[in-house]
Structure formats: C-alpha cells, structure tokens
There are 2 protein chains.
Amino acid sequence: MNTSVSLEDPHCPHDHSQCVSDALAAAEQVCERAGARLTALRKRVLELVWQSHRPLGAYDLLDTLAREDDRRPAPPTVYRALDFLQEHGLVHRIASLNAFIGCASPEHTHQGHFLICRNCRVAIELEQTLIHPAIAEVAQRMGFAVESETVEIAGLCAHCQEAA
Amino acid sequence: MNTSVSLEDPHCPHDHSQCVSDALAAAEQVCERAGARLTALRKRVLELVWQSHRPLGAYDLLDTLAREDDRRPAPPTVYRALDFLQEHGLVHRIASLNAFIGCASPEHTHQGHFLICRNCRVAIELEQTLIHPAIAEVAQRMGFAVESETVEIAGLCAHCQEAA
DNA sequence: TCGATGGCTGTTATCATATAACAATTCCCT
DNA sequence: AGGGAATTGTTATATGATAACAGCCATCGA
Ligand SMILES: [Zn+2]
Ligand SMILES: [Zn+2]
Ligand SMILES: [Zn+2]
Ligand SMILES: [Zn+2]
C-alpha cells in the first residue's frame, strides 16, 4: 500500500483510484482492529468523501447519494456515517468549511492539520511538522490539557500561485 | 491602558469592566486610524461580545440585543456588525464553535490562535508563540502562500483541571 | 441650505448545516 | 429460532448565515 502519491501533491495528475482503494483498504484494517463494522453505507460515504482531495459538505454527499440511488437519504443517515468515520480517524472535519475530507493515514490517531487552497479548494494534510510540538509547548506552559487541535491554514497552493 | 489582566488569566477574578473599556477605547483608535465608523450599533455589539471571555454566537448576541431593546433586530443586523468588527480585527471568529470573541490587541493585525476550555468555555488568545513560525516554515516548505490561519486548541484549562 | 451620494440599518425571506426523537430493520450471539 | 444491541430510516426541528431590496442618515459640494 502506497499513499505517498496523494500526500505529496494531490494537484499533480495521479492515479486517484489508487488513493481511493488505498483509503478503503486502510479503513477495513482500522475497523477490523477496532472491532467496528465498516458497513456498506459507511464504506460508500467514505468512498464519496474520497472522490477528490477537496473537502466536501455533508449535503454534497447527500446529493451524490441521491443521484446514485433513487431514494434520497435523509441528513442523519450521512451525518451518522460521518460521525462513525470521524471516530475511527477515517475522515477529518474541516471546521472553517463545514466540510469533511478523507484521512490517508488513519492507522495512528492524530489531529488533522491542513493547508487549504482557496482557489482549487484542495486540502493537504500535514504530518510530522513543527506545528504540533509548538502547540504542545504552549499548552504545557499555560497548564492547558489539549484534547483536540483545529489547524486550518487557508491561502493559495503553489500550483494556483503560478496560474495567477 | 493595560490589557494584561485579561490576557494572563481570564478565569481569575479581575476587573472585567476594565477589559471592556480598554477594548472599546482600542476600537475607537483602530477605527479612527482606518477612517472607519464605529457606529452605535457596532460599538454595542462589540461591547456585548466582550461581556465575557467566552466566545458567543451571533444569535446569543441577538437575544441580548432583543432583551435590551424592545425591538428584536434581525440576523443581518448583527452579522453585518460582526463582519465589520472582524474586518478591523476587533473580534475573531471561532470556526469550531461558530462563535465570536473580542480581540484585546487589535492594534496590529494578526491571526487569532486560541486555547478553548470545553468546561468553562473560556477562550484565551495566544500571541507570540512558536505556532505561527511553525506554520510559516511548513507553508514555505510546501510553497503555500498563507492568507489566514485557524488555530483552535480545545481541552481543559488549568483551572478546570484542578476542579476535576 | 439643498439635494445628491454613498454608507449604514431595517426587513423579509430563504438557504445551509446539523441534530432530536422515535420507528423499523438488521446483525450477532446464544 | 429468539433476544438484545447496533444500525438505518423517517419526520420534524434546531441552529447558523446570507440574499435582496427598501429606507434612512451622515457628509459634502453646489
Ligand atoms: Zn488522489
Ligand atoms: Zn490551489
Ligand atoms: Zn475580563
Ligand atoms: Zn476551564
């Protein structure tokens, strides 16, 4: 399993079906270990979230589901699936966009930190950066017990800067 | 003008009316310089945002306005005021809470980074930490042009950890 | 002082996101 | 097969934010 393609640069043309199948395979494993059930619905929602490297809103997912099925599911259906996927680290929620994006490394639990391009809307998840240590240091100094970190950096990706 | 009380520890009992009047005075100055009009409504909304060190939702502010006046203003009224205040750096929006909080240092434009206690709901704005440099370094390395930073760290403040 | 101009506020309606509550179904284990 | 728990369906509603247009008011030049 190789997720490096999607992590390095989701802009560059790449075999995205590989991203999707890697993500689904990783999800199977994570759920297996956790004794959780990756049901057909949950798997489907995860697959839809992975349709691109752009965060998608719950209602976008609902629309897509409605187009595939003939019966349009109600919001709780997709929100529950998203809740499950979040709990198991398979997707991250982007608070500043009210949207969700697949996680390429769900094996180890971690906070999602993102660079989000306002132009192409691609979100790149950061891993192993100095941001987490910096947060830990500040929190330590303030006696604050961190439970979750929302780090969403908006701007223009390298690709879109060139275009402009 | 001394804002250190509110910055050091908003939990500790402190002369909060001083926080409010400092904030309003700073706001007057900022608007003066920018040639912007701090109208009665905008000032009132800013004052309401500053009623505590907790982020408040737009509809909370509307409720308070409704209680003070006899006529309940409509949502756009308060959202427009909040937009103005944000543009001039007088309040920050907390994306993870859909809420707003006053900024104690609006003189220099900056990103709001926060520690947010899930128990007492107090939000402490961080300044001059290693977080911003860490973000800048990562962005630089990725060729990403940062335009805004959302950093919201949730957990338990020192005060609430003791209580528990 | 008058009226034009642009910025601010009021008002109505609507959109967008998310959840509560309860019913029906399905899965899993015995 | 039967019981209990987890999952999904369904309806209604809560919560947060904005579009569109109308009216008002401060400011400034004529
Ligand atoms: Zn891909
Ligand atoms: Zn881009
Ligand atoms: Zn205070
Ligand atoms: Zn606290």
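Quantities reported herein were computed from a predicted structural model and do not represent experimental measurements. Per chain, numbering begins at 1; letters A, B, ... match sequence-line order.
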**Request:** Please work out which residues in residues 77-103 of chain B have a non-hydrogen atom less than 4.0 Å from an atom of DNA chain C and list them by number.
**Result:**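 When residues 77-103 of chain B is checked for heavy atoms under 4.0 Å from DNA chain C, the hits, listed by number, are Thr77(B), Arg80(B).
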**Asked** Tell me, which of residues 56-71 of chain B have any heavy atom that sits under 4.0 Å from an atom in DNA chain C?
**Response**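 Those residues whose heavy atoms fall under 4.0 Å from DNA chain C, taken from residues 56-71 of chain B in numerical order, are Arg71(B).
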**Asked** By ring-ring contact (aromatic ring centres under 6.0 Å, His included), which residues pair with His88(B), not counting sequence neighbours?
**Response**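 Testing His88(B) for ring-ring contact (aromatic ring centres under 6.0 Å, His included), a comparison that skips the adjacent residues, returns Phe84(B).
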**Request:** Is it possible for you to say whether Val45(A) and Leu38(A) belong to one hydrophobic cluster, with membership spreading through side-chain heavy-atom contacts below 4.5 Å?
**Result:**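 Yes; Leu38(A) is reachable from Val45(A) via cluster members.
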**Request:** Please list all pairs passing the side-chain hydrogen bond (donor to acceptor under 3.5 Å, both in side chains) test where one or both residues lie in residues 35-46 of chain B, with sequence neighbours left out.
**Result:**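 Non-adjacent pairs meeting side-chain hydrogen bond (donor to acceptor under 3.5 Å, both in side chains): Glu28(B)-Lys43(B), Arg44(B)-Glu68(B), Arg44(B)-Asp69(B).
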**Range on DNA chain C touched by chain B, heavy atoms, distance below 4.0 Å** =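 With heavy atoms of chain B under 4.0 Å away, the range is dC8(C) to dT12(C).
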**Item:** Connected hydrophobic set around Phe114(B), excluding itself, where side chains approach under 4.5 Å
**Value:**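 Its cluster mates, by chain and number, are Ile94(B), Leu97(B), Ile101(B), Ile116(B).
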**Message:** Which Ile, Leu, Val, Met, Phe, Trp or Tyr residues join Leu130(A) in one cluster when any pair of side-chain heavy atoms under 4.5 Å counts as a link?
**Reply:**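 Listed partners: none, Leu130(A) stands alone.
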**Request:** Give a yes or no on whether the backbone of Gln29(B) and the side-chain of Glu107(B) come within a donor-acceptor separation of less than 3.5 Å.
**Result:**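 Checked: no pair found.
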**Prompt:** Between Arg72(B) and Pro75(A), who's closer to the 5' end of DNA chain C by nearest nucleotide?
**Reply:**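 By nearest-heavy-atom nucleotide position, the 5'-most residue is Arg72(B).
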For residues 71-81 of chain B, which side-chain N or O atoms pair as donor and acceptor with protein atoms under 3.5 Å away, sequence neighbours left out?
residue  : atom : partner  : partner atom : Å
Arg72(B) : NH1  : Asp63(B) : OD1          : 3.4
Arg72(B) : NH2  : Asp63(B) : OD1          : 2.9
Thr77(B) : OG1  : Ala74(B) : O            : 3.4
Arg80(B) : NE   : Pro76(B) : O            : 3.4

**Message:** Is it the case that the side chains of Glu127(B) and His110(B) hold a donor-acceptor pair, with the cut-off being a distance below 3.5 Å and no angle test?
**Reply:**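 No.
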**Message:** Taking salt bridge (charged side-chain N to carboxylate O under 4.0 Å, His left out) as the definition, give me every residue that meets it alongside Glu47(A), ordered by chain and number, with sequence neighbours left out.
**Reply:**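 Counting only residues at least two positions away or on another chain, Glu47(A) forms no salt bridge (charged side-chain N to carboxylate O under 4.0 Å, His left out).
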**Request:** Kindly state each residue pair satisfying salt bridge (charged side-chain N to carboxylate O under 4.0 Å, His left out) with at least one member in residues 128-156 of chain B, sequence neighbours excluded.
**Result:**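 Only Arg118(A)-Glu147(B), Glu137(B)-Arg141(B) qualify under salt bridge (charged side-chain N to carboxylate O under 4.0 Å, His left out).
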**Item:** Beyond-backbone contact of Leu82(A) with Val49(A), side-chain heavy atoms, under 4.5 angstrom
**Value:**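 Result yes, sub-4.5 Å side-chain heavy-atom pair found.
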**Item:** Residues in contact with DNA chain D, drawn from residues 39-47 of chain B - heavy-atom cutoff 4.0 Å
**Value:**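 The stretch gives none, as no residue of it lies under 4.0 Å from the strand.
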**Message:** Suppose we screen for side-chain hydrogen bond (donor to acceptor under 3.5 Å, both in side chains). Which residues come up paired with Asn98(A), at least two apart in sequence or across chains?
**Reply:**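 Asn98(A): side-chain hydrogen bond (donor to acceptor under 3.5 Å, both in side chains) contacts with Arg93(A).
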